[in-house]
Asker: 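Sending over a structure as structure tokens; questions will come in a sec.
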Amino acid sequence: MSLRKVFRSRKFSRSFKEAPAVGTAEGGITGNGGEHAHENGWSNMLPEILCEIVRRVDAAEEQWPNRQNVVSCACVCKRWRDITREVVREPLHTGKITFPSCLKQPGPREVPHQCLIKRNKKTSTFYLYLALSPSFTDKGKFLLAARRYRCGTHTEYIISLDADDLSQGSNAYVGKLSSDFLGTNFTIYDSQPPHSGARPSSGRASRRFASKQISPQVPAGNFEVGQVSYKFNLLKSRGPRRMVCSLKSPVTPVTPTGESSDSTSLDGHKMHDKEHAAASGYTILKNKAPRWHEHLQCWCLNFHGRVTVASVKNFQLVATVDQSQPGGKGDEETVLLQFGKVGDDTFTMDYRQPLSAFQAFAICLTSFGTKLACE
């Protein structure tokens, strides 16, 4: 982002805070400056007018970097922030990413969000950007960052809102991804409870901190929200990796006692009982089967121009069909998440409902690394 754009955004927000007093309902002018004028200025604007201002800004700014003007409205004062939250709708309905909370909300229904993942091999760091143009070289809007750590017999990816602060003790920490020794089974942890009554996962790998909680404002636990499993290829048959994802539904019924009705979890990263998983509040995704191309002599998937380099990491995820439901529940043709290589350290990530940016990013991180038993 250029210095001129940053200056404009700050000037936009500051203009509301430093604006002179406005007329009251009786038509008079209150305050000649100072604190009294500020209290009766923009912060005391009529709700109807304030809503209309925020609504017009929200409608006019479709994507970043102009989308920052909507954030500037929320930065004026608490009253503006509350109104902005009411006016700005979730990405599920608009497809717009505005606030950090949008990264854990389901993506758009029709047209997927197109993102880029940049990899830094030297620091084992991965950066997620919202694509603002069709070009694969433009970074776009920064969304999330992750760093890979080796912890004993397993590997962890710490996911953060801050590209420079990738630790579990940070306020920017949003979750993590933990793998087993072979790197074929992964567990996704969220820093916030996915629903009312959710309890932090037990076990050393799921702890937020190794010692005492460092701050009362920072949650000390991690909440399991999904699992990713790569199937073994013992016969070494030709073909891409096979993977299954089990994601906890974002909305889980809560009993009158305040506890979640979803009291079961998948055992030992194994997802053989798909019917039980779906019934207990999980969404099951699997990779879309590619087709063998006789002329090219390779396995092919249609990425619609979003993937340009052949790689075993490339995949598309679709929802599994539940044969027990009339007509079948699920759609094995609609791609919910696709990931693929476009450069040495550049990858595309396109996702839609029911996945969030956080979930999609965590799933794509599982594709990095060698999986000899699965290839």
Side-chain angles (χ1 to χ4, degrees), residues 54-55 57-59 61-64 66-71 73-75 81-117 127-132 140-146 159-162 171-177 188-198 219 222-228 245-254 260 262 281-285 317 319 334-339 349-365:
V54 177
R55 189 177 293 108
V57 174
D58 179 52
E61 313 299 356
E62 291 291 332
Q63 62 181 6
W64 292 88
N66 294 331
R67 192 79 184 145
Q68 63 190 344
N69 291 333
V70 181
V71 179
C73 289
C75 295
R81 182 164 60 251
D82 294 339
I83 293 294
T84 304
R85 285 177 176 176
E86 294 178 3
V87 172
V88 178
R89 302 171 66 191
E90 297 180 357
L92 176 65
H93 305 287
T94 64
K96 301 176 184 177
I97 292 180
T98 308
F99 304 113
S101 59
C102 298
L103 300 178
K104 290 188 177 181
Q105 296 173 350
R109 220 182 244 110
E110 301 298 333
V111 181
H113 274 314
Q114 295 185 341
C115 304
L116 292 174
I117 295 179
Y127 304 94
L128 176 66
Y129 299 90
L130 178 66
L132 304 181
K141 168 65 178 174
F142 171 77
L143 299 180
L144 292 168
I159 305 175
S160 173
L161 292 168
D162 191 338
N171 285 327
Y173 171 76
V174 295
K176 71 176 183 178
L177 177 72
I188 304 173
Y189 295 99
D190 196 332
S191 63
Q192 300 295 330
H195 55 79
S196 177
N222 283 296
F223 301 84
E224 183 180 331
V225 294
Q227 296 177 356
V228 181
C245 300
S246 173
L247 300 174
K248 188 169 292 186
S249 301
V251 179
T252 305
V254 178
S260 169
D262 178 17
Y282 282 82
T283 299
I284 309 298
L285 308 177
L317 290 185
T334 301
V335 176
L336 304 179
L337 169 64
Q338 75 173 23
F339 171 81
M349 184 194 89
D350 302 342
Y351 75 97
R352 67 172 74 195
Q353 181 189 350
L355 297 174
S356 66
F358 167 70
Q359 291 174 325
F361 187 39
I363 294 174
C364 291
L365 289 175

Asker: CG/Leu143 to CD1/Ile159 distance, rounded to the nearest 0.5 angstrom?
Answerer: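 Taking CG in Leu143 and CD1 in Ile159, the distance rounds to 12.5 Å.
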Asker: Look up atom OG1 in Thr98 and atom CG in Leu103, then write down how far apart they are to the nearest 0.5 Å.
Answerer: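 Going from the OG1 atom of Thr98 to the CG atom of Leu103 covers 10.0 Å.
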Asker: Could you give the distance from CG (Leu130) to SG (Cys102), rounded to the nearest 0.5 Å?
Answerer: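 One finds 11.0 Å between CG of Leu130 and SG of Cys102.
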Asker: For Tyr173 and Ser191: C-alpha separation, side-chain torsions, deciding distance, then whether side chain to side chain contact (heavy atoms under 4.5 Å, CB included) applies.
Answerer: CA-CA 7 Å; Tyr173 171 76; Ser191 63; 3.6 Å; yes
Asker: Can you give me the closest heavy-atom contact between Pro106 and Pro354, atom names plus distance?
Answerer: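 Heavy-atom minimum between the residues: CB-O, 3.9 Å.
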Asker: Using every non-hydrogen atom in the two residues, find where Gly140 and Leu132 come nearest and quote the distance to one decimal.
Answerer: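 So the two residues come closest at CA-CG, 3.9 Å.
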Asker: According to side-chain hydrogen bond (donor to acceptor under 3.5 Å, both in side chains), who are the partners of Asp350, at least two apart in sequence or on a separate chain?
Answerer: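 Checked Asp350 against side-chain hydrogen bond (donor to acceptor under 3.5 Å, both in side chains); matches are Arg306, Gln338.
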Asker: Do Gln114 and Met349 pass the side chain to side chain contact (heavy atoms under 4.5 Å, CB included) test, and can you show the C-alpha distance, the side-chain angles, and the key distance before you say yes or no?
Answerer: CA-CA 6 Å; Gln114 295 185 341; Met349 184 194 89; over 6 Å; no
Asker: Would you say that Leu285 contacts Leu247 through its side chain, given a criterion of any heavy-atom pair below 4.5 Å between the two side chains?
Answerer: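 Sidechains of Leu247 and Leu285: in contact.
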Asker: Any donor and acceptor pair, going by atom type alone, linking the side chain of Lys248 with main-chain N or O of Thr283 inside 3.5 Å?
Answerer: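 Flag not set: sc Lys248 to bb Thr283 has no pair under 3.5 Å.
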Asker: Examine distances only and state if a side-chain atom of Arg352 and a backbone atom of Glu110 form a donor-acceptor pair shorter than 3.5 Å.
Answerer: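 Judged by distance alone, yes, a pair lies under 3.5 Å.
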Asker: Taking all heavy atoms of Arg81 and all of Ala74, pick out the closest pair and write down the distance.
Answerer: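 What the structure gives for the nearest pair is CB-O, 3.3 Å.
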Asker: Got Phe223 and Tyr189 here, is their nearest side-chain heavy-atom distance under 4.5 Å?
Answerer: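 Phe223 does not reach Tyr189 side chain to side chain.
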Asker: To the closest 0.5 Å, what do you measure between CG (Leu337) and SG (Cys245)?
Answerer: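 That separation rounds to 7.5 Å.
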Asker: Partners of Ser356 by side-chain contact (heavy atoms from CB on, under 4.5 Å), sequence neighbours excluded?
Answerer: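 For Ser356 the side-chain contact (heavy atoms from CB on, under 4.5 Å) partners, ignoring immediate neighbours, are Phe358, Gln359.
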Asker: Quick one: are Leu144 and Leu161 in side-chain contact, heavy atoms under 4.5 Å?
Answerer: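 Yes, close enough: below the 4.5 Å cut-off.
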Asker: Rounded to the nearest 0.5 Å, how far does SG of Cys115 lie from CD1 of Ile97?
Answerer: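 If we round to the nearest 0.5 Å, Ile97:CD1 and Cys115:SG are 6.0 Å apart.
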Asker: Return the set of residues passing side-chain hydrogen bond (donor to acceptor under 3.5 Å, both in side chains) with Asp82 (not counting sequence neighbours), or none when no residue passes.
Answerer: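 Checked Asp82 against side-chain hydrogen bond (donor to acceptor under 3.5 Å, both in side chains); matches are Lys78.
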Asker: Test of understanding: with side-chain hydrogen bond (donor to acceptor under 3.5 Å, both in side chains), list the residues that count as partners of Arg55, not counting sequence neighbours.
Answerer: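 Scan of Arg55 (side-chain hydrogen bond (donor to acceptor under 3.5 Å, both in side chains), adjacent residues dropped) gives Glu52.
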Asker: Taking side chain as C-beta onward, heavy atoms only, is Ile117 less than 4.5 Å from Phe361?
Answerer: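 Answer yes - side chains close enough.
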Asker: If you define the side chain from C-beta out and look only at heavy atoms, does anything of Phe339 sit under 4.5 Å from Cys364?
Answerer: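 Yes, side chains in contact.
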Asker: If I compare all heavy atoms of Val88 with all of Val70, which pair ends up nearest, and what's the gap?
Answerer: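 That closest heavy-atom pairing would be CG2-CG1, 3.7 Å.
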Asker: Please examine the side chains of Asn222 and Lys176, heavy atoms only from C-beta on, and report whether any two atoms are closer than 4.5 Å.
Answerer: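 Answer yes - side chains close enough.
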Asker: Mind checking what makes ring-ring contact (aromatic ring centres under 6.0 Å, His included) contact with Tyr351, not counting sequence neighbours?
Answerer: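 Tyr351: ring-ring contact (aromatic ring centres under 6.0 Å, His included) contacts with His113.
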Asker: Determine, step by step, whether Glu224 and Ile188 satisfy the side chain to side chain contact (heavy atoms under 4.5 Å, CB included) criterion, reporting the C-alpha distance in whole Å, the side-chain angles of both residues, the deciding distance to 0.1 Å, and the verdict.
Answerer: CA-CA 6 Å; Glu224 183 180 331; Ile188 304 173; over 6 Å; no
Asker: Rounded to the nearest 0.5 Å, what separation is found between the CG atom of Leu365 and the CD1 atom of Ile363?
Answerer: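 With rounding to 0.5 Å, CG (Leu365) is 10.0 Å from CD1 (Ile363).
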